[in-house]
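Report on the following structure.
Letters A, B, ... mirror the listed sequences (proteins, then strands); counts begin at 1.
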Amino acid sequence: MEQFLQQVINGISLGSIYALVALGYTMVYGIINLINFAHCDIYMIGAYVGYYCMTFLGLGVFASLVISMAACVVIGVAIEKIAYKPLRNSPRITVLITAIGVSLFLEYVTMFFMKANVRSYPPLTGILAENINLGSIFISMKQILIVVITIVLVVLLQIIVRHTKLGKAMRAVSLDKDAAELMGINVNNTISFTFALGSALAGAAGVLVGIYYNSINPLMGVIPGLKAFVAAVFGGIGLIPGAFIGGYFIGAVEVFVAGYGNSMYRDAVVFAILIVILIVKPAGLLGKNTREKV
Amino acid sequence: MLEIKDINVHFGGIHALKGISMTVQRGEIVTLIGANGAGKTTTLRTISGLKKSTSGQILLDGTDITNLSAQERVKRGISHVPEGRRVFPAMTVLENLELGAFLRRDKANIAADLKMVYERFPILADRKKQLAGTLSGGEQQMLAIGRALMSRPDILFLDEPSMGLAPLLVQEIFNIILDINNAGTTILLVEQNASMALKIAHKAYVMETGSIVLSGTGEELMQSDGIKKAYLGG
Ligand SMILES: Nc1ncnc2c1ncn2[C@@H]1O[C@H](COP(=O)(O)OP(=O)(O)O)[C@@H](O)[C@H]1O
Ligand SMILES: [Mg+2]
């Protein structure tokens, strides 16, 4: 039982990171039907920006988090404007291949400037370095920090998407671009805004993962990115609550497979889940297979 | 108030509009009729800025709007109820209506217009929290029209508003169109239901395969033998 609770706690921490990354995949897919392969590299860059802020500028966790999110917004929006926007009317496969190109570009440019070796985040100090022991269950302040920041960001995202004008524009564009344009919504700006939101969350996830696992490298985004993508598909690609639920589900699966089974299989199990979803319910947990129409 | 001159539109190799010209005077109901595929929808989409023309000119109150974005055209008073209604299905009725007022900042007037739309379409007031995708076809059409009115348009485009509706509802939609026109909004109406459209129109254009082949007052066209044969079932 105690081991079970311990795994739940670890699963929630890891799941938070997947959830943050999955949200970006799902929002971008929702608005331009693109699987943005470069998204996982935004997360990697976020981790590096956080590393730089903490190590070389000596900034605290929160300042580093905010700076990293801001930097990722700039990079994410720039990628959209430079690489994807000129292809707005091209076939989907063209954009998809471009996204793979952007992804490799970001990985190897980072490798060029930062070198391929692993870097370590500085250890946290003060209260953030503490651990809480409940009997034999062990919760680190890091884990609490990750979960709290994730919840705060997701609540903010929900407020933006549900209640602000830009958020409503985002939903309108993702439902029907032409109709949105007829409302006077600027579709291009709305797409940029979507990339901005997704990239900010990926940046935050990058810093949190740096804090959680301590080590970062230029290819660190690849596997977690794929898993976050599986999480988005699991929940129903294009659906914000789906990505959130999917992130925690995949985090939990991974931790449980590693904890009770064999940690060699944890990636395989995640991808097996992808295959099963695609066969059983391609629209995902919260997705509807057909759109309601009267 | 609206004048289009010699508009050409292509879809790749398809020449969809072949030099269309028409005018709409302020306060009028002008209807554009013609068979499926004639180019009526493309005409409206070109005027509202969803489709770029390859040549020609669009003037709104004397200003050239040919190269303006759809957004700019909405700002200048054009509102378009697209073919097939195109409400946002996963958003509530109220959210759909609010999006109609997307470019407006005058909160008090928006609230007043919302009330006006609810008075015109009481069913929308009853369903304001409901998702638009769950409304019936007639209700969705009312929502699409209400949403278009929320921008306070000078000129309203309606693309086949009676499509797929029961006869009783069709009559109701036409009454609503007359009402909106009486309240001062100019109307450009695309219809397959030619007889009803001609009855309420001040002026009418007939399209065939990308060209305007006939125009006149609604009255005149109703009497025309060609029209009777082709569109009025006798
Ligand atoms: N998106 C499109 N791509 C290619 N051809 C199109 C497109 N939309 C319309 N067309 C063509 O333009 C012509 C006019 O279509 P449309 O304006 O929809 O006619 P209508 O509204 O009168 O039925 C048709 O031949 C149609 O095939
Ligand atoms: Mg049409």
Just by distance, with hydrogens left out, do H80(B) and D159(B) show a side-chain donor and acceptor under 3.5 Å apart?
-> no

Side-chain donor-acceptor pair present, D61(B), T63(B), cut-off under 3.5 Å = no

Aromatic centroids of F244(A) and Y248(A) separated by under 6.0 Å = yes

With a 4.5 angstrom heavy-atom cut-off, which part of [X] approaches chain A: side chain, backbone, both or neither?
X	value
R45(B)	side chain
A148(B)	neither
E139(B)	neither
L99(B)	both

Heavy-atom check, side chain of F102(B) versus side chain of L182(A), under 4.5 Å = no

Contacts of type side-chain hydrogen bond (donor to acceptor under 3.5 Å, both in side chains), residue Q192(B), not counting sequence neighbours = E160(B)

In terms of heavy-atom pairs under 4.5 Å, which option from V187(A), N186(A), I185(A) contacts chain B the most?
-> I185(A)

